[in-house]
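Structure record follows, encoded as structure tokens.
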Amino acid sequence: MHLKHLIAGAALAVFATVAQAADFKPAVVFDMGGKFDKSFNEGVWNGIKKFSDETGVEVMEFEVTNETQREQAIRRMVERGATVVLGVGFAQADAIDKVAAENPDRQFAIIDVNWLDRPNLRQYAFKEHEGSYLVGVAAALTSGTGKVGFVGGMDIPLIRKFACGYVQGAKEAKAGTEVLQNMTGTTPTAWNDPAKGAELTQSQIDRGADVIYHAAGGTGLGVIRAAADAGKFAIGVDSNQNGLAPGHVLTSMLKRVDVAAYQTMKDAMDGTFTSGVVTLGLAEEGVDWAQDEHNAALVSADVKAAVEKAKADIISGAIKVHNYEDDQACPF
């Protein structure tokens, strides 16, 4: 009798799991620049692809091409039956907040946002300043001119956060290092303007910079090309961009948005999805610097040792990296 009930109960549990999997419909809304931007969006795509490859579950997707599409795209995913929707980038914050409020029975997640508050919304924030400090150390210690550069995308506090961490790392690694800085623009088109990125990079090279770090999305492809054409070094961002111009990309500041994307989908599928803010820094392996066959010969043993020491010191708390977003200032 008991055994029969046990078997029936087990069968019911299996059925429930299968039914839950069948009901599970994930979706992602990429932002400006598209999923193959070789940078931020593509990092998310890598996480989504890993999830689909592992589980066989198809993820509905949409690539935003203008600002008016964001809310409409998220809403459309819900209408198509999405049970979890991942929004890519802070620009989708208002849209996802609104749609999440209207659909309390669905789950939502967003990357690069930490100020919303919905019981069905997970937010991911990253300690970009920590990863940027590391590549600042690498830049200053590799530079032969004592001048390094930074090209940002849209001029917003988040990108100033990258810049400030980089400046701090460069100046603390080598006193007297000068950091030249330019932002590409003040509208979302700043993320997808490689020509402007190349122009700003050439201008910094003309002023003496020989290592240029970008945090500019698709615009950064122009930064990397211009640095390579001039025989200088670029530093990539978000995804590992070392292979885009082998021999000319010193390293890349990895921002593991792929981890955030994969974890969102996996947790939603497994029934372990939680709301709230998840913050990923060096200690959580959410940011890092890229080392591979493309830059192995470019990073000297001394530079590598210095970067790894800085990394350990940040994780231990011996080095405090200033977060621009805390006070809207960079004291370096």
Side-chain angles (χ1 to χ4, degrees), residues 24 26-64 82 84-92 96 107-114 121-132 134-135 153 158 161-162 191 214-218 220-221 224 235-244 249 251-270 272-274 277-295 311:
F24 173 67
V28 58
V29 177
F30 295 101
D31 210 63
M32 309 275 273
K35 69 179 180 183
F36 296 127
D37 63 358
K38 305 284 186 205
S39 190
F40 182 71
N41 282 285
E42 191 157 332
V44 172
W45 162 245
N46 289 335
I48 296 294
K49 186 175 185 307
K50 180 188 175 191
F51 171 78
S52 288
D53 288 349
E54 280 184 16
T55 63
V57 175
E58 188 184 345
V59 180
M60 295 187 290
E61 59 182 62
F62 184 83
E63 296 176 66
V64 167
V84 59
V85 182
L86 173 65
V88 179
F90 66 90
Q92 295 189 29
I96 211 159
Q107 294 167 334
F108 297 85
I110 187 164
I111 292 172
D112 275 354
V113 173
N114 63 356
L121 175 65
R122 177 184 291 184
Q123 303 165 71
Y124 285 96
F126 291 82
K127 296 180 181 178
E128 296 92 351
H129 50 305
E130 292 184 350
S132 297
L134 298 187
V135 299
L158 174 64
K161 181 180 172 185
F162 281 85
W191 303 119
H214 87 84
L221 300 179
I224 292 170
I235 294 177
V237 79
D238 296 339
S239 301
N240 182 351
Q241 298 184 318
N242 295 357
L244 293 183
V249 182
T251 184
S252 297
M253 197 289 276
L254 300 176
K255 179 172 169 180
R256 300 301 304 275
V257 290
D258 58 321
V259 172
Y262 174 85
Q263 206 57 55
T264 295
M265 299 307 171
K266 191 81 170 62
D267 289 353
M269 188 179 78
D270 293 346
T272 56
F273 184 90
T274 50
V277 178
V278 178
T279 304
L280 303 173
L282 280 175
E284 298 79 20
E285 299 182 354
V287 294
D288 208 342
W289 69 306
Q291 302 172 75
D292 61 16
E293 71 278 11
H294 297 300
N295 71 337
K311 180 176 171 179

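Atoms considered below: every heavy atom in the structure, side chains included; atoms not considered: hydrogens, waters and symmetry mates. Just so we're clear, the structure is a prediction, and the values are computed from it rather than from any experiment.
Taking CZ from F40 and CD1 from I111, the interatomic distance works out to 5.5 Å, rounded to the nearest 0.5 Å.
Every side chain to side chain donor-acceptor pair (under 3.5 Å) that E54 has, sequence neighbours left out, goes to Y262. For A215, the side-chain contact (heavy atoms from CB on, under 4.5 Å) partners are F150, I159, F162, V237, not counting sequence neighbours. Legend: residues meeting ring-ring contact (aromatic ring centres under 6.0 Å, His included) with W45, ordered by chain and number and at least two apart, are F36. Scored by the side chain to side chain donor-acceptor pair (under 3.5 Å) test, S252 finds N242 as partners (sequence neighbours excluded). Residues that satisfy the side chain to side chain donor-acceptor pair (under 3.5 Å) test with E42, not counting sequence neighbours, are absent from this structure. Contacts of A261 classified as side-chain contact (heavy atoms from CB on, under 4.5 Å), with partners at least two apart in sequence or in another chain: V44, I48, L86. Applying the side chain to side chain donor-acceptor pair (under 3.5 Å) test to K127 and every residue at least two apart in sequence or in another chain returns nothing. Checked against salt bridge (Lys or Arg N to Asp or Glu O under 4.0 Å), D31 has the following partners two or more places apart in sequence or in another chain: R70. Partners of Q107 under the side-chain contact (heavy atoms from CB on, under 4.5 Å) rule, at least two apart in sequence or in another chain, are V84, A268, F273. The side-chain contact (heavy atoms from CB on, under 4.5 Å) test applied to V278 returns R122, Y124, L280, not counting sequence neighbours. Residues that satisfy the salt bridge (Lys or Arg N to Asp or Glu O under 4.0 Å) test with K49, not counting sequence neighbours, are D53. Contacts of K35 classified as salt bridge (Lys or Arg N to Asp or Glu O under 4.0 Å), with partners at least two apart in sequence or in another chain: E61.
What you find for A125 and N114 is that their closest heavy atoms are CB-CB, 4.0 Å. Considering all non-hydrogen atoms of both residues, G236 and V249 come closest at N-CG1, 3.9 Å.
Ion pair E128/K255 flagged as a salt bridge, since at least one NZ, NE, NH1 or NH2 atom sits closer than 4.0 Å to an Asp/Glu carboxylate oxygen.
In this structure, Q241 and S39 have side chains that are in contact, with non-hydrogen atoms separated by less than 4.5 Å.
Side-chain atoms of T279 do not come within 3.5 Å of backbone N or O of F126 as any donor-acceptor pair.
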